[in-house]
K.L.:
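Structure provided below as structure tokens; questions to follow.
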Amino acid sequence: MANLTGKTAVVTGSTSGIGLAYARAFASAGANIVINGMGAPEDIEKERAAIESDFKVRAIHSPADMTKPAEIAGMIALGESTFGSVDILVNNAGIQFVSPIEEFPIEKWDAIIAINLSSAFHGIRAAVPGMKKRGWGRIINTASAHSLVASPFKSAYVSAKHGIAGLTKTVALEVATHKITCNCISPGYVWTPLVEKQIPDTMKARGLTKEQVINDVLLAAQPTKEFVTSEQVAALALFLCGDDAAQITGTNLSIDGGWTAE
Ligand code: NAD
């Protein structure tokens, strides 16, 4: 397992789901953590304190809104000023909205592109100078099976995720000689609040029951017929932070139960 003692990881959208699993995995390897994301203050504090007590590292919360470039830069600066460096950046915050394109609300398109794609640009832009200076870095973007294939009614999400796959390759090439890697991880369906919340809209858009959405839409895409777990995604991210992964860069790593093999 990667030893991240003395390193700092910033994980966007880590008050819940996959992001929280990343934060806990990096902390288990010794990294100090900047968690980020929305939620009830008492819930966020509970997760933050649990990271510190479970893994004997330090953890702080940045409330930066991923639609606001200045706040994203501020989150990186907070990590650097609190812990001395930001060595690992995981761009993970994301939202979903499901609708036929002709009814797709313009503000939902803008929000998804901002949170799921542009925030990664802003975070990387702010974190790379410090990583270059120290000669080490790991940038991991949570993409999706939807960075490789599409599904109907998810125009903004699929566009953002295809975009993040391209951003990943571009950044990897730019930082390749600085011992900084940049990869994206593309999960299939992971049972998190993001997936749970899209079920009612998918029921409406496709005229299906909840059980039909789970079995005939979500798990229909996954040959294993099982959800991916957040912990499995986090274990892959942790591997990417180790020395064994130093030559893995610019890749899009699927963890999707075989979805995109079809
Ligand atoms: P989630 O809803 O559990 O977590 C999303 C996180 O993003 C939360 O911490 C939330 O507070 C944060 N967030 C949302 N808007 C924000 C904003 N404006 N500023 C800051 N933080 C904000 O969802 P999840 O399923 O864990 O998703 C995490 C990532 O994984 C997303 O990028 C998502 O697209 C991707 N993903 C999820 C699945 C899945 O099946 N769950 C599959 C593939 C990819």
Side-chain angles (χ1 to χ4, degrees), residues 10-25 33-41 43-44 46-48 61-76 78 90-98 107-108 110-120 122-123 140-151 154 156-165 167-168 184-199 202 213-214 217-219 221-222 224 226-234 236-237 252-257 259-260:
V10 174
V11 184
T12 74
S14 50
T15 53
S16 164
I18 298 168
L20 183 57
Y22 286 136
R24 292 183 59 83
I33 307 291
V34 180
I35 58 169
N36 158 261
M38 312 295 190
D43 294 343
I44 295 174
K46 203 172 124 213
E47 296 298 355
R48 187 204 65 76
H61 174 247
S62 160
D65 180 344
M66 291 300 112
T67 64
K68 304 218 161 66
E71 292 189 20
I72 298 167
M75 172 187 66
I76 301 297
L78 177 70
V90 183
N91 296 297
N92 169 77
I95 58 168
Q96 175 62 286
F97 194 81
V98 180
E107 64 278 10
K108 291 287 182 197
D110 289 342
I112 289 176
I113 298 299
I115 295 168
N116 296 21
L117 176 58
S118 301
S119 73
H122 296 298
I140 299 168
N141 300 316
T142 307
S144 163
H146 283 122
S147 73
L148 297 162
V149 295
S151 298
K154 295 184 177 175
Y157 189 87
V158 170
S159 301
K161 295 300 186 182
H162 275 65
I164 207 140
L167 176 67
T168 300
C184 59
I185 296 180
S186 285
Y189 283 108
V190 187
W191 189 258
T192 67
L194 181 141
V195 166
E196 217 174 335
K197 276 188 254 163
Q198 68 185 274
I199 288 177
T202 308
V213 170
I214 291 176
V217 179
L218 303 183
L219 292 182
Q222 261 165 233
T224 57
E226 288 179 21
F227 285 99
V228 181
T229 69
S230 295
E231 290 71 25
Q232 289 166 341
V233 178
L236 179 54
N252 186 344
L253 297 160
S254 291
I255 174 163
D256 65 5
W259 174 350
T260 53

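Since the model is a prediction, treat every value here as computed from it, not as a measurement. In listed order, ligands and their atoms are each counted from 1.
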K.L.:
Heavy-atom distances under 4.0 Å are what count here, so tell me which part of Tyr157 touches ligand 1: side chain, backbone, both or neither.
P.N.:
side chain
K.L.:
Just verifying a value: how many Å separate Thr67 OG1 and Ile113 CD1, rounded to the nearest 0.5 Å?
P.N.:
13.5 Å
K.L.:
Distance under 4.0 Å to a non-hydrogen atom of Asn36: what atoms of ligand 1 satisfy this?
P.N.:
20 (C), 21 (N)
K.L.:
With nothing but distance in play, are any N or O atoms of Ile115 less than 3.5 Å from an N or O of ligand 1?
P.N.:
no
K.L.:
Would you call the rings of Tyr189 and Trp259 parallel, tilted or perpendicular if under 30° counts as parallel and over 60° as perpendicular?
P.N.:
parallel
K.L.:
Is it the side chain, the backbone, both or neither of Ala64 that has a heavy atom closer than 4.0 Å to ligand 1?
P.N.:
backbone
K.L.:
Go through Ile44 and Ile35 one step at a time and tell me if the side-chain contact (heavy atoms from CB on, under 4.5 Å) criterion holds.
P.N.:
CA-CA 9 Å; Ile44 295 174; Ile35 58 169; 4.2 Å; yes
K.L.:
Could you tell me whether some N/O pair between Met66 and ligand 1 is separated by less than 3.5 angstrom?
P.N.:
yes
K.L.:
Taking N or O atoms only and a 3.5 Å limit, does Met38 qualify as a polar contact for ligand 1?
P.N.:
yes
K.L.:
Could you say whether the N/O atoms of Lys161 and ligand 1 ever approach to under 3.5 Å?
P.N.:
yes
K.L.:
Tell me whether Asn92 has any N or O atom under 3.5 angstrom from an N or O of ligand 1.
P.N.:
yes
K.L.:
Please list, in number order, the atoms of ligand 1 under 4.0 Å from a heavy atom of Val195.
P.N.:
39 (C), 40 (O), 41 (N)
K.L.:
How does Thr192 reach ligand 1, if at all, at less than 4.0 Å between non-hydrogen atoms: by side chain, backbone, both, or neither?
P.N.:
side chain
K.L.:
In the protein, which heavy atom is nearest to atom 7 (O) of ligand 1, and how far is it?
P.N.:
Gly13 CA, 3.4 Å
K.L.:
Would you check the N or O atoms of Asp65, main chain and side chain alike, for any that come under 3.5 Å of an N or O of ligand 1?
P.N.:
yes
K.L.:
Applying a 4.0 Å heavy-atom criterion (strictly less than), which segment of Ala143 is in contact with ligand 1: side chain, backbone, both, or neither?
P.N.:
backbone
K.L.:
Please report whether ligand 1 has a polar contact with Ile18, defined as an N or O pair separated by less than 3.5 Å (distance criterion only).
P.N.:
yes
K.L.:
Using a 4.0 Å heavy-atom cut-off, which part of Ser14 comes near ligand 1: side chain, backbone, both, or neither?
P.N.:
backbone
K.L.:
Nearest protein heavy-atom contact for atom 1 (P) of ligand 1: which residue, which atom, what distance?
P.N.:
Ser16 OG, 3.6 Å
K.L.:
Are the side chains of Lys154 and Lys161 in touch, meaning some heavy atoms are under 4.5 Å apart?
P.N.:
no
K.L.:
Distance under 4.0 Å to a non-hydrogen atom of Gly37: what atoms of ligand 1 satisfy this?
P.N.:
11 (O), 21 (N)
